[in-house]
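Structure first, commentary second.
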Amino acid sequence: MLRYGFLPSDFHPQFLILGERSDITVLGQTLRGFAQAPRVIEIEHRTPEDAARNTRLCIQPAATSAGLQRADGSDDFVWTLDSRGAEAFADMIEAMLAEPEPAGSTILEIAGTPNIPVKVSHGEFTDDFLITAF
């Protein structure tokens, strides 16, 4: 099941996306599809518990600046990307999944811009991590 949530911090906030290899593979394919045809895509929660927290993640084409930002006045997050960035992130996810280890992660961020890093992880957290942590 694909899960995600915001991990606030004064120094190193992150947006964490968790899932099994198959879930993270779909995320990589979604980013690759976005790179080929940029459009607004809402990444859906896979469990009712996640959806109850009301955090939404939306990928949208970058008009000027790119990166993950919290939407004003809400728990929603908007991940603005251009085609090149989405393609690079898809490549990073595929490289992570190609490793033989049972767990792994990668940080997706756009250097030089004030945005929230996105950590994509498989096999490092229990299924209830984001469900019970908040």
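Only this structure's heavy atoms are used, side chains among them; waters, hydrogens and symmetry mates stay out.
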* To do: For side chain to side chain contact (heavy atoms under 4.5 Å, CB included), just list the numbers for V26 and L2, CA-CA rounded to whole Å, side-chain angles, deciding distance to a tenth of an Å, and then say yes or no.
  => CA-CA 9 Å; V26 171; L2 187 68; over 6 Å; no
Which pairs pass salt bridge (charged side-chain N to carboxylate O under 4.0 Å, His left out) with one or both residues in [range], sequence neighbours excluded?
range	value
residues 5-15	none
residues 28-37	R32-E87, R32-D91, R32-E94
residues 60-70	R70-D75

Please enumerate all residues that pass side chain to side chain contact (heavy atoms under 4.5 Å, CB included) together with [X], with sequence neighbours excluded.
X	answer
D82	R84
A71	S74, D76, V78
S22	E20
E124	A103, S105, K119, S121

* Asked: Are I107 and I17 co-members of a hydrophobic cluster defined by side-chain heavy atoms under 4.5 Å apart?
  ->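 No; tracing contacts between hydrophobic side chains, which count when under 4.5 Å, never links both residues.
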Which pair of heavy atoms, one from [X] and one from [Y], lies closest together, and at what distance?
X	Y	answer
A86	A35	CB-CB, 4.0 Å
A62	A66	CB-CB, 4.1 Å
S83	P38	OG-CG, 3.4 Å

* What distance do I116 atom CD1 and F77 atom CZ have between them, rounded to the nearest 0.5 Å? -> 5.0 Å
* Asked: Can L31 and I59 be said to form a side chain to side chain contact (heavy atoms under 4.5 Å, CB included), step by step?
  -> CA-CA 9 Å; L31 287 168; I59 302 172; 3.9 Å; yes
* side-chain hydrogen bond (donor to acceptor under 3.5 Å, both in side chains) partners for E42, two or more places apart ->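 side-chain hydrogen bond (donor to acceptor under 3.5 Å, both in side chains) list for E42, sorted by chain: R56.
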* Pairs involving residues 102-121, ordered by first then second residue, that meet ring pair (Phe, Tyr, Trp, His ring centres under 6.0 Å) (sequence neighbours left out) ->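 Passing the test, one end in residues 102-121: no pairs.
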* Return yes if some donor-acceptor pair links the side-chain N/O of R21 with the main-chain N/O of L97 below 3.5 Å, else return no. => yes
Below 4.5 Å, heavy atoms only, C-beta onward: do [X] and [Y] meet side chain to side chain?
X	Y	result
L68	L57	yes
L81	I110	yes
I24	M96	yes
L108	T106	yes

* **Contacts of type ring-ring contact (aromatic ring centres under 6.0 Å, His included), residue F89, not counting sequence neighbours** => W79
